[in-house]
Amino acid sequence: MKDYSKVINEFESFIGKKFVITNKWHKQPFINGWRYGSGDALVVLKPGNLLELWRILELCVSNDFIIIMQAANTGLTGGSTPYGNDYDRPVVIINTLRINDIQIINNAKQIIALSGSTLYDLEKKLKPFNRDPHSVIGSTSIGASIVGGVCNNSGGSLVKRGPAYTELALYAKLNKDGSLELINELGINLGENPETILRNIQNRNYKQEDIIYNDKLASDDKYSEIVRGIDETTPARFNSDKRLLYGASGSSGKLAVFAVRLDTYSKPRKNKVFYLGTNNPDVFWKIRRDILSKFKNLPTLGDYLHRDCYDAAKKYSKDNFIVIEKLGTNFLPTLFKLKRNVDIIATKLKFFPDKFSDRLMQFLSLFFPNHLPKRMEQFRERFEHHWIVEISDEGIDEAREYFDRFFKDYDGDFFECNEKEGKKASLHRFVSASAIGRYHALKYKEVGEMMSLDVAFPRNEKKWFEELPTEIDDQIEKKFYYGHLFCHVQHQNYILKKGVNSEKLKKEILQSYKIRGAEFPAEHNVGHEYKAKTSLINFYKSLDPTNTFNPGIGISSKLKNWE
């Protein structure tokens with residue numbers, strides 16, 4: 001094996017020995033995906049500023065290393081870690097979390113986010129200005145990065161905002177001739193050469209007159225119209241939508257992104273959560289169409305939860321619910337980091353059982369009383385399908401009057417949540433995403449593989465609730481359904497029966513979605529779990545013609561120059 005000690009020493013001279021990780025044990029949190037995928041890396045680098053990032057990129061390029069850019073490593077499809085060990089060049093992971101500055105511009109109507117800044121920190125930073133970031137639940141709570149959301153066109157659950165998107169970014173790309181180039185599309189005059197540009201943005205060394213305001217977008221400005229198109233035969237949003245592939249947006253790690261410029265949003269004056277239940281999926285189909293086509297005010301969000309998923313979340317996500325409720329979302333990244341470290345240690349100490357952290361947290365959760373409101377529990381007994389609809393300001397009275405009229409004639413019911421019920425309802429839906437992982441961790445010896453599919457159905461789809469053919473259904477042990485009903489994005493989660501070929505079954509299910517005009521993935525990026533469409537691969541090739549950054553993404557070639 002080739003001796004890389006000299007280049008390791010050079011990395012250490014650039015960013016400090018403490019931030020150059022070669023020890024197998026210490027690399028574990030960076031080389032293993034949040035839920036999916038793993039592989040080895042020569043080294044993990046943690047630069048502390050943009051100039052350090054540029055210098056280590058130059059060194060990686062000169063040594064013909066594969067570069068995997070990583071921030072919080074919270075992706076669900078393995079897109080920010082190595083996948084296997086069949087790469088044709090040494091792999092280097094560059095983790096950007098130390099580069100976490102957020103700069104407020106344009107009276108807090110926009111922000112500049114450096115490469116490792118998080119949604120959670122942005123939410124705190126905007127609070128004094130009474131503004132919100134693109135995402136206010138979900139990725140925010142687990143410490144996900146702002147840049148990661150843009151690079152993955154992350155969807156989020158908010159009806160008015162659409163996927164994370166900007167045409168204003170500062171990034172490095174590798175050209176066909178193998179030269180590294182810094183592209184300044186940030187819309188700020190920062191100088192002419194890379195070192196000057198990076199120093200100026202890092203140190204906020206620019207004036208108001210240096211900021212350019214033109215027709216380049218810092219958010220998706222069409223989504224609120226698109227989601228209202230209830231008779232259209234295409235989905236409202238999906239990961240490979242060519243409309244939203246631009247520079248850093250949708251780049252999936254094929255660039256090294258230094259900063260992005262994004263819009264912020266006015267906080268609503270007041271919010272109200274309505275909790276809906278029915279036993280007939282067609283009822284929710286009609287409500288969705290009525291609200292999107294007739295309401296003057298779009299809802300803030302509308303998150304669906306099936307009764308089986310409700311039950312699973314109540315039992316298997318109880319600890320996450322209690323942690324967030326009692327300690328706040330700011331503790332979650334610490335909890336997940338601690339959980340990951342406990343599992344790494346447990347694998348080394350053979351007397352600990354498999355999945356030790358999950359078993360421990362599940363055991364501790366048994367000592368807490370029922371955490372869900374009485375009215376939610378009553379709806380659970382009455383109804384199979386649950387829908388949490390949050391509406392703000394003038395839309396509240398509009399929704400209240402509509403639901404009062406509607407449920408006099410149709411199957412189902414609703415109640416207007418008080419503040420405590422509203423928070424608990426939204427939190428219960430949020431933590432339901434972790435229930436399938438916990439269920440599988442505790443029962444993996446008894447069941448087959450876990451499969452989580454992220455699907456965007458056409459806006460005119462009536463059969464939004466899945467009805468699987470018997471030959472497929474018979475291979476599945478458990479199903480957990482949740483999603484964002486207004487935009488027809490559904491998360492279909494399966495625990496398979498023991499012995500079932502998951503890859504074969506996955507192809508069958510995805511083919512059935514394709515026949516119905518669905519797109520997948522909807523909001524989680526292709527990672528190494530989904531095969532990217534030809535149009536998306538062509539976009540990747542245009543960004544990274546030598547296939548140096550994150551090769552293999554979208555089940556594509558891992559070889560140099562895409563051979």
Side-chain angles (χ1 to χ4, degrees), residues 1-5 7-8 11 20-45 56-57 59-71 73 75-95 151-152 173-174 176 178 239-240 251-256 340 344 347 449-452 501-507 510 521 524-534 536-563:
M1 184 177 174
K2 188 174 177 181
D3 181 12
Y4 292 103
S5 57
V7 72
I8 297 295
F11 284 135
V20 177
I21 302 169
T22 56
N23 179 278
K24 184 178 179 181
W25 177 269
H26 294 139
K27 285 190 292 184
Q28 294 304 308
F30 306 96
I31 64 175
N32 292 294
W34 180 262
R35 187 178 70 186
Y36 182 85
S38 65
D40 201 6
L42 172 68
V43 62
V44 177
L45 305 173
I56 61 176
L57 283 170
L59 192 53
C60 286
V61 170
S62 66
N63 282 276
D64 199 22
F65 291 156
I66 282 170
I67 301 164
I68 296 180
M69 301 299 297
Q70 180 188 91
N73 190 16
L76 297 176
T77 56
S80 56
T81 58
Y83 186 74
N85 295 309
D86 56 343
Y87 295 91
D88 62 344
R89 294 150 286 168
V91 174
V92 172
I93 295 172
I94 301 178
N95 184 283
C151 292
N152 293 324
K173 66 177 294 187
L174 203 59
K176 284 181 183 177
N239 185 258
S240 61
S251 58
S252 303
K254 302 303 289 182
L255 302 169
R340 186 177 283 182
I344 291 169
T347 58
E449 294 184 51
M450 175 175 68
M451 188 160 64
S452 297
N501 184 325
S502 63
E503 282 304 310
K504 182 174 178 291
L505 186 62
K506 180 180 173 182
K507 284 178 183 175
L510 291 180
H524 287 162
N525 193 274
V526 288
H528 291 282
E529 196 169 11
Y530 295 89
K531 186 171 178 60
K533 287 177 143 185
T534 302
L536 187 56
I537 293 293
N538 289 338
F539 176 63
Y540 294 159
K541 287 181 176 180
S542 72
L543 299 178
D544 181 22
T546 64
N547 205 19
T548 294
F549 288 96
N550 212 11
I553 198 80
I555 315 180
S556 62
S557 171
K558 291 182 176 179
L559 303 179
K560 190 172 181 177
N561 300 319
W562 298 88
E563 291 175 2

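What you see below is based on every heavy atom in this structure, not just the backbone, and it leaves out hydrogens, waters and symmetry mates. In this text the structure is predicted, and so the values were computed from the model without any measurement.
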Examine distances only and state if a side-chain atom of [X] and a backbone atom of [Y] form a donor-acceptor pair shorter than 3.5 Å.
| X | Y | result |
| --- | --- | --- |
| Asn23 | His26 | yes |
| Asn95 | Val44 | no |
| Asn73 | Pro29 | yes |

- By ring-ring contact (aromatic ring centres under 6.0 Å, His included) - contacts of Tyr87 (at least two apart): none
Note, [X] side chain near [Y] side chain (heavy atom, < 4.5 Å):
| X | Y | value |
| --- | --- | --- |
| Val43 | Thr22 | yes |
| Phe549 | Leu57 | yes |
| Val91 | Asp40 | no |
| Ser556 | Tyr540 | no |
| Met69 | Asn550 | no |

Can you name the nearest heavy-atom pair linking [X] to [Y], along with the distance?
| X | Y | answer |
| --- | --- | --- |
| Ile93 | Pro82 | CD1-CD, 3.6 Å |
| Asn239 | Val526 | OD1-N, 3.8 Å |
| Leu559 | Asn547 | O-ND2, 2.9 Å |
| Thr548 | Thr546 | OG1-OG1, 2.8 Å |
| Leu174 | Pro545 | O-CD, 3.3 Å |
| Ile537 | Ala532 | CD1-CB, 3.7 Å |

Return the [atom1] to [atom2] distance between [X] and [Y], rounded to the nearest 0.5 Å.
| X | Y | atom1 | atom2 | answer |
| --- | --- | --- | --- | --- |
| Leu42 | Phe11 | CG | CZ | 7.5 Å |
| Cys60 | Ile67 | SG | CD1 | 4.5 Å |
| Lys176 | Lys541 | NZ | NZ | 11.0 Å |
| Leu543 | Ser252 | CG | OG | 9.0 Å |
| Met451 | Leu505 | CE | CG | 4.5 Å |

- Verdict with supporting geometry, Asn63 and Tyr4, side-chain contact (heavy atoms from CB on, under 4.5 Å): CA-CA 10 Å; Asn63 282 276; Tyr4 292 103; 5.7 Å; no
- Message: List the residues meeting salt bridge (Lys or Arg N to Asp or Glu O under 4.0 Å) with Lys558, not counting sequence neighbours, and say none if there are none.
- Response: Asp86
- Task: Establish, from distance only, whether the side-chain atoms of Tyr530 and Thr77 form a donor-acceptor pair under 3.5 Å.
- Result: no
- Lys27 versus Asn32, side-chain donor and acceptor atoms under 3.5 Å: no
- Item | Set of residues satisfying side-chain hydrogen bond (donor to acceptor under 3.5 Å, both in side chains) with respect to Ser5, sequence neighbours excluded | Asp3
- Message: Can you tell me if Lys531 has over 12 outside heavy atoms packed within less than 6.0 Å of its NZ?
- Response: no
- Let me see the working for Ile68 and Val92 under side-chain contact (heavy atoms from CB on, under 4.5 Å), right down to the final yes or no. CA-CA 6 Å; Ile68 296 180; Val92 172; over 6 Å; no
Taking side-chain contact (heavy atoms from CB on, under 4.5 Å) as the test, write out the residues that go with [X], two or more places apart.
| X | value |
| --- | --- |
| Lys560 | Asp64, Asp88, Arg89 |
| Tyr36 | Tyr83, His528, Glu529 |
| Lys533 | Ser240, Glu519, Ser535 |

